[in-house]
Amino acid sequence: MANESVISVVDPEVEFEVKSEAKSESKSEASPEVDPKVNNDGYEVVHSKSPLFYDLYDRKAELKHQTHYCPGCGHGVVHKLIAEALQELGLQDKTIFVSPVGCSVFAYYYFDVGNVQVAHGRAPAAATGIKRSCPDKIVISYQGDGDLAAIGTAEIVHAANRGEKITVFFVNNGIYGMTGGQMAPTTLVGQKSTTSPWGRRPANEGFPLHMAELLATLEAPAYIERVALSDNKNIMKARRAIRKALEIQRDRTGFSFVEILSPCPTIWGKDPVEARRWVLEKMTPTFPLNVFRDRRPEIPAGNEPPQRPVADVLGITPKAGAHDTSKRKHAHHFRDVKINIAGFGGQGVLLLGQLLIEMGMREGLEVSWLPSYGPEMRSGSAHCHVCLAKERIGSPLVSHPDVLVAMNEYSLRKFAHEVVSGGIILYNGASLPADFSAPEVQVVSIPAAEIADKLGSTKAANIVMMGALLEETECLAPGTALSVLEDMVKKLDLLEIDRKALTAGRLFIDEQAHLGAVSQPDGFA
Ligand SMILES: Cc1ncc(C[n+]2csc(CCOP(=O)(O)OP(=O)(O)O)c2C)c(N)n1
Ligand code: SF4
């Protein structure tokens with residue numbers, strides 16, 4: 001055995017090693033230094049996992065030895081080919097991978113690149129947004145046939161038709177894998193699925209959709225090829241196509257699309273070898289392998305989409321000096337404040353949130369506003385999450401607010417338990433419901449609707465609450481509130497009421513809340 005080379009697969013995820021005793025002996029004689037290509041067991045590593053993949057795929061303890069793909073699944077092969085191509089082209093740090101809904105939903109566990117996981121079928125739309133806002137990045141839309149050719153048909157057709165400079169890898173396994181084998185638009189005629197147990201019948205389910213051919217009828221795409229993971233020769237062709245598609249994006253040539261016929265042994269009920277054969281023998285007659293498009297699209301010059309900063313497009317360009325803390329109108333005593341404003345539609349719940357973020361922006365803070373409301377036009381429940389922060393906001397979602405503004409009893413009961421310990425609840429009501437208790441937070445009842453009514457419009461109850469909020473938390477300056485109201489409220493009579501409502505809310509906290517409106521514990525101010 002001394003001169004015999006042994007090839008073994010030690011890691012199920014790919015580490016081919018060659019053991020050559022003669023070689024390692026002579027090496028150790030020549031030099032005691034450790035050769036990085038020889039591992040601890042004396043095996044020479046001749047092929048290993050792409051460094052573009054994470055070292056560790058985080059999995060549950062009992063599944064640690066395997067990826068989440070079934071043995072023989074084509075997704076693993078496609079992942080490997082994409083990783084190798086990105087590595088060879090030196091694009092790892094520039095790549096943003098958009099993963100779909102389907103078996104490959106967890107692609108972000110494997111690729112050590114920027115990752116975004118999107119809703120079913122929306123990958124080309126999300127990729128469009130990412131590419132347009134980050135034109136120097138390499139943006140990959142990775143999709144199955146259910147994702148791309150069923151629920152996402154519109155997205156892919158329009159992204160291709162616009163000639164977005166993204167790369168789409170379309171893994172066509174002729175079936176819905178993740179959900180257990182329903183018919184896909186690419187299911188073959190006669191092929192059985194859980195939703196066509198008799199086999200696909202064109203008279204009932206139509207013919208298989210040829211996505212590569214369909215997209216090739218459009219003018220904009222630069223590159224469209226169909227390849228197959230049926231045997232080594234074809235896998236090498238797939239490798240070249242994947243690399244070429246990425247080069248096309250790197251060179252800013254245009255939209256590139258590779259359809260990859262791929263085995264799904266589990267749902268097809270075949271072993272991995274049979275499944276590969278099935279790709280060649282059954283799929284390629286329906287989906288011929290071909291380069292359908294390879295040309296630089298002729299797009300009239302000067303037709304590029306405008307590249308403007310997002311803030312500019314939204315018209316929220318910060319005013320000069322807004323980020324200069326020395327010029328801030330208000331010394332903020334907090335790092336961030338998270339607020340949930342909840343009530344019925346029509347109570348100005350969402351507007352109150354918008355006023356607060358406008359004030360925050362004017363005071364140079366980072367802000368976010370996340371509305372949530374039901375389908376009813378009026379009177380349905382509505383709430384919005386508001387974040388005011390000195391640093392960038394990671395997520396606009398507020399699970400545990402510092403402050404809850406509850407405009408009605410329903411919202412009080414629904415959201416009170418979410419408020420952080422030591423937080424504040426401002427309740428629009430003369431008194432709290434008898435059985436309500438929130439021992440760990442300060443609760444203030446403010447008869448905002450009544451106050452607003454006396455001022456001339458119940459609609460101003462939200463502004464009364466805003467005054468109370470500003471006075472209680474001192475998170476923003478009342479002067480900023482006034483200037484925002486003056487800019488945003490167009491009707492003069494309403495503006496006058498709002499001004500009074502703002503003052504009334506503040507005065508209520510200063511002068512009356514101590515006299516009995518605080519439920520528990522007292523002395524919050
Ligand atoms: C909006 C929406 N509709 C339906 C589903 C259910 N669903 C999850 S994956 C999937 C199809 C996956 O098939 P495919 O895109 O071919 O990917 P594969 O799993 O075969 O790789 C469907 C219908 C969903 N998650 N979201
Ligand atoms: S069900 Fe099919 S597509 Fe999904 S992981 Fe298994 S083999 Fe792959």
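Position 1 is the first residue of the sequence, and the numbers go up from there. Ligands are counted one by one from 1 in listed order, and the atoms in each one are counted from 1 as well. Note that the coordinates shown come from a computational prediction; the quantities given were computed from them, not determined experimentally.
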Inset, instruction - Mark up the atoms of ligand 1 that fall under 4.0 Å of a heavy atom belonging to Met178, in ascending order. - result: 8 (C), 9 (S), 19 (O)
Inset, instruction - Closest by any non-hydrogen atom to atom 16 (O) of ligand 1: pick that one out of Thr186, Asp145, Val105. - result: Asp145
Inset, instruction - May I have all residue pairs that pass side-chain hydrogen bond (donor to acceptor under 3.5 Å, both in side chains) and include part of residues 238-258, sequence neighbours excluded? - result: Glu84-Arg239, Glu88-Arg239, Glu88-Arg243, Lys131-Gln249, Asp136-Arg252, Thr167-Gln249, Thr167-Ser256, Arg243-Glu247, Lys244-Asp294
Legend entry - Any side-chain heavy-atom pair of Ile140 and Phe169 under 4.5 Å: yes
Inset, instruction - Using a strict 4.0 Å cut-off to heavy atoms of Gly146, name the atoms of ligand 1 that fall inside it. - result: 14 (P), 15 (O), 16 (O)
Legend entry - Any donor-acceptor pair under 3.5 Å from Trp268 side chain to Asn173 backbone: yes
Legend entry - Nitrogen or oxygen atoms of Ser104 and ligand 1 under 3.5 Å apart: no
Inset, instruction - Considering the heavy atoms of Val101, write down every atom of ligand 1 situated less than 4.0 Å from one of them. - result: 8 (C), 9 (S), 25 (N)
Legend entry - Under-4.0 Å heavy-atom contact with ligand 1, by part of Leu148 that carries it: neither
Inset, instruction - Please confirm whether Asp147 comes within less than 3.5 Å of ligand 1 when only nitrogen or oxygen atoms on both sides are compared. - result: yes
Inset, instruction - Check ligand 1 against Tyr176 and write out every atom of the ligand that is under 4.0 Å from a heavy-atom position of the residue. - result: 11 (C), 13 (O), 20 (O), 23 (C)
Inset, instruction - For Cys103, take its heavy atoms, then give the atoms of ligand 1 lying under 4.0 Å from any of them. - result: 18 (P), 19 (O), 21 (O)
Inset, instruction - Run the ring-centre check on Phe97 versus Phe111 and record whether the distance is less than 6.0 Å. - result: yes
Inset, instruction - Note the single closest protein heavy atom to atom 20 (O) of ligand 1, along with its residue, its atom name and the distance in Å. - result: Gly177 N, 2.8 Å
Legend entry - Distance below 2.8 Å from atom 6 (Fe) of ligand 2: protein N/O/S atoms: Cys70 SG
Legend entry - Criterion side chain to side chain donor-acceptor pair (under 3.5 Å) on Tyr110 and His75, from CA distance to verdict: CA-CA 12 Å; Tyr110 305 112; His75 281 302; over 6 Å; no
Inset, instruction - Determine whether Leu355 and Met488 make a side-chain contact, defined as any pair of heavy atoms from C-beta on separated by less than 4.5 Å. - result: yes
Inset, instruction - May I ask you to test the Ile175-Gln182 pair for a side-chain heavy-atom distance under 4.5 Å? - result: no
Legend entry - Atom CD of Gln87 with >12 non-hydrogen neighbours under 6.0 angstrom: yes
Legend entry - Those atoms of ligand 1 less than 4.0 Å from some heavy atom in Gly102: 9 (S), 12 (C), 17 (O), 19 (O)
Legend entry - Qualifying residue for ring-ring contact (aromatic ring centres under 6.0 Å, His included) with His383, from Tyr373, Tyr410, Phe415: Phe415
Legend entry - Aromatic contact, His79 with Tyr142 (centres under 6.0 Å): yes
Inset, instruction - Please identify which atoms of ligand 2 are closer than 4.0 Å to at least one heavy atom of Asn173. - result: 3 (S)
Legend entry - Nearest-contact summary for atom 7 (N) of ligand 1 - protein heavy atom, Å: Thr179 CG2, 3.5 Å
Legend entry - Residue selection (non-hydrogen contact nearest atom 26 (N) of ligand 1) among His75, His120, Gln143, Gln182: His120
Legend entry - Electrostatic pair Arg392-Glu366, nearest N-O below 4.0 angstrom: no
Inset, instruction - Decide yes or no for Pro263 and Leu229: does some side-chain heavy atom of the first lie under 4.5 Å from some side-chain heavy atom of the second? - result: yes
Legend entry - Identity and separation of the nearest protein heavy atom to atom 1 (C) of ligand 1: Ile151 CD1, 3.7 Å
Legend entry - Partners passing side-chain contact (heavy atoms from CB on, under 4.5 Å) against His158 (at least two apart in sequence or in another chain): Ala154, Arg162
Legend entry - Those atoms of ligand 1 less than 4.0 Å from some heavy atom in Ile175: 16 (O), 20 (O)
Inset, instruction - Could you name each residue pair satisfying side-chain hydrogen bond (donor to acceptor under 3.5 Å, both in side chains) that touches residues 221-230, not counting sequence neighbours? - result: Glu213-Arg226, Tyr223-Glu225, Arg226-Glu259, Ser230-Asn234
